[in-house]
Amino acid sequence: MTPPIFPNDEGVPRVEYVRWFLNTLLVLTSCFLVLLILMHKGRGGGMSDMFGGGMSSSLGGSSVAEKNLSRITIAIALIWAAVVVGLGVLTRFS
């Protein structure tokens, strides 16, 4: 067994704190990403019709709101991808 990397006073390696943080961030961004994707306006057919996306509604009709929702979704998806890569690097080199 390899010795812990940078152990603190309690004997828990600091890498484990980073891993816990990244795992928590992964769960939070995953849930938020699912909610953001479900909030998008359906563009006809497919799974969006099953959840009521095929009905015309005035709630999500603003193009500015849709653009902002798309930008936020892309930002959260990039954070999610970075967390996945970070966890992969931590797993590979620890």
Side-chain angles (χ1 to χ4, degrees):
M1 178 152 184
T2 61
I5 301 170
F6 307 113
N8 59 9
D9 295 338
E10 292 87 31
V12 177
R14 291 185 184 155
V15 168
E16 289 302 315
Y17 289 128
V18 174
R19 189 179 318 248
W20 292 337
F21 172 75
L22 287 177
N23 279 327
T24 304
L25 191 59
L26 182 67
V27 169
L28 291 175
T29 55
S30 297
C31 293
F32 195 50
L33 196 56
V34 167
L35 290 175
L36 286 173
I37 290 171
L38 288 175
M39 286 174 62
H40 276 278
K41 187 173 164 184
R43 294 213 164 69
M47 293 291 287
S48 63
D49 285 339
M50 186 182 347
F51 298 111
M55 296 189 296
S56 178
S57 174
S58 64
L59 294 176
S62 174
S63 64
V64 173
E66 189 70 25
K67 285 181 184 178
N68 287 335
L69 184 62
S70 294
R71 290 177 185 150
I72 294 170
T73 304
I74 290 169
I76 297 297
L78 290 174
I79 293 169
W80 181 86
V83 169
V84 169
V85 169
L87 281 170
V89 168
L90 263 177
T91 302
R92 173 70 175 98
F93 294 110
S94 64

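One-based numbering along the sequence shown.
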Residues 23-34, side-chain donor-acceptor partners within the protein, below 3.5 Å, at least two apart:
unit_1	atom_1	unit_2	atom_2	d
Asn23	ND2	Arg19	O	3.3
Thr24	OG1	Trp20	O	2.8
Thr29	OG1	Leu25	O	2.8
Thr29	OG1	Leu26	O	3.2
Ser30	OG	Leu26	O	2.7
Ser30	OG	Trp80	NE1	3.0

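Arg92 is linked by a side-chain hydrogen bond (donor to acceptor under 3.5 Å, both in side chains) to nothing, counting only residues two or more places apart in sequence or in another chain.
We find the CD1-CZ distance between Ile76 and Arg71 to be 15.0 Å, quoted to the nearest 0.5 Å. To the nearest 0.5 Å, the span separating CE on Met39 from CD1 on Ile37 amounts to 12.0 Å.
Side-chain contacts under 4.5 Å among hydrophobic residues (ILVMFWY), followed directly or transitively, place Leu78 together with Ile74.
Of all heavy-atom pairs between Thr73 and Leu69, the closest is OG1-O, 2.7 Å.
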